[in-house]
Number of protein chains: 2
Amino acid sequence: MDQVEVFKALSNKTRLQILNWLKQPEASFPEQAVYGYAHGICVGQIQQKTGLTQSTVSEYLSTLQRVGLVKATRVGQWTYYQRNEEAFAELSQLIQSEI
Amino acid sequence: MDQVEVFKALSNKTRLQILNWLKQPEASFPEQAVYGYAHGICVGQIQQKTGLTQSTVSEYLSTLQRVGLVKATRVGQWTYYQRNEEAFAELSQLIQSEI
DNA sequence: AAGATATATCGACTTTTCTCGATATGCCAA
DNA sequence: TTGGCATATCGAGAAAAGTCGATATATCTT
């Protein structure tokens, strides 16, 4: 876990917002109920909710994934993203003990 | 506690290093033994240890203070900085519960 | 195979951050 | 009150991040 990179990833309002939405996928993305929440939420849903362009949101999600805060699962033409709770636990610990 | 600003402050190797040094002031800054550690470590000591310029380090410390991660105490011509442990506890909590 | 859809990547431009040297401010000592 | 330190602030140039539109890639449907 590269501390600086993780903190950079968290240094953006929209990315924090996305992470927050992903805490309660059902509540935050009811539109996806039809397709289920098994692997998380797909890029398009997240993009719509942010109001930013597709490329920006795709980039944001890949940033969050690169540092390990979310996990991605490709299913057909969709990529589903979900939080990686272990990473958050680790980060919280890190702040308590190492930083 | 402005989350984005706190994470920005933590998104820098040198600033993380400084925070880490301040965890154990006596061990990290033995040169300051003569003057005591009551209010923390003064800018000059920190600057020397980073190898960066005085202005950069002063700026870094004021950034850390602005977001609440350190506390500053002016004594004569010196400004002493020390960690604000409450802020770290709060941040750790924040990550566990809100982010 | 072709078209449609979802996502990723690229190139460009703007804004922010990093870092410095120079200068200002505040405080102390002679 | 003048000079000398310690720290803060300013202005500038370089590097990184934010964000977009355009395009590429992958997959699905027909």
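Below, chain A is the first sequence line, B the second, and so on; all start at residue 1. All values below come from the heavy atoms of this structure, side chains included, with hydrogens, waters and symmetry mates left out.
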Using a 4.0 Å heavy-atom cut-off across all strands, classify A:Thr79 as base, sugar-phosphate, or nothing.
sugar-phosphate
Between B:Phe29 and B:Trp21, how do the two ring planes meet: parallel, tilted or perpendicular, split at 30° and 60°?
perpendicular
Separation of D:dA8 P from B:Gln54 CD (nearest whole Å)
7 Å
Check the phosphate of D:dG18 against A:Thr56, side-chain N and O only, distance under 4.0 Å to OP1 or OP2. Yes or no?
no
What's the closest nucleotide to the B:Thr53 side chain, out of C:dG21, C:dT7, D:dT7?
C:dG21
What's the closest nucleotide to the A:Asn12 side chain, out of C:dT9, D:dA8, D:dG18?
D:dG18
Closest to side chain of B:Val43, choosing from D:dA17, C:dC20, D:dA8
D:dA8
Selection from D:dA6, D:dT27, C:dC18 that lies nearest to any side-chain heavy atom of B:Trp78
D:dA6
Here the distance between atom P of D:dC28 and atom OH of A:Tyr35, to the nearest Å, is 15 Å
B:Tyr80 and B:Leu64: same hydrophobic cluster, using ILVMFWY side-chain contacts below 4.5 Å?
no
Hey, does the side-chain of A:Gln77 have a donor or acceptor N/O within less than 3.5 Å of a partner on the base of C:dT7?
no
Separation of D:dA8 atom P from B:Leu61 atom CG, nearest Å, is 7 Å
Please confirm whether the shortest side-chain N or O distance from B:Arg15 to OP1 or OP2 of C:dC18 is below 4.0 Å.
yes
Separation of C:dA6 atom P from A:Tyr80 atom OH, nearest Å, is 10 Å
So for B:Ser55 and C:dG21, does any side-chain atom that can act as donor or acceptor lie under 3.5 Å from a complementary atom in the base?
yes
Rounded interatomic separation in angstrom, taking CZ from B:Phe7 and C1' from C:dT17
18 Å
Take atom CD1 of A:Ile46 and atom C1' of C:dA6, then tell me their distance rounded to the nearest Å.
13 Å
Looking at A:Tyr81, does any N or O in its side chain come under 4.0 Å of the phosphate oxygens OP1/OP2 on C:dA8?
yes
For the side chain of B:Lys8, starting at C-beta, report the closest nucleotide among D:dT7, C:dT16, C:dT9.
C:dT16
From the options C:dT9, C:dC20, D:dT7, select the nucleotide whose nearest atom is closest to the side chain of B:Leu52.
C:dC20
Quick one: B:Glu59 CD to C:dC18 P, roughly how many Å, whole number?
9 Å
Could you go step by step and tell me if A:Ser55 and A:Ser58 meet the side chain to side chain donor-acceptor pair (under 3.5 Å) rule?
CA-CA 5 Å; A:Ser55 68; A:Ser58 175; over 6 Å; no
Atom CG of B:Leu10 and atom C1' of C:dT17 are separated, to the nearest Å, by 15 Å
Would you please test A:Leu10 and A:Leu91 for side-chain contact (heavy atoms from CB on, under 4.5 Å) and show each step?
CA-CA 11 Å; A:Leu10 293 171; A:Leu91 183 60; 3.7 Å; yes
If only side-chain N and O atoms count, and only distance matters, is there a donor-acceptor pair under 3.5 Å linking A:Thr14 with A:Thr50?
no
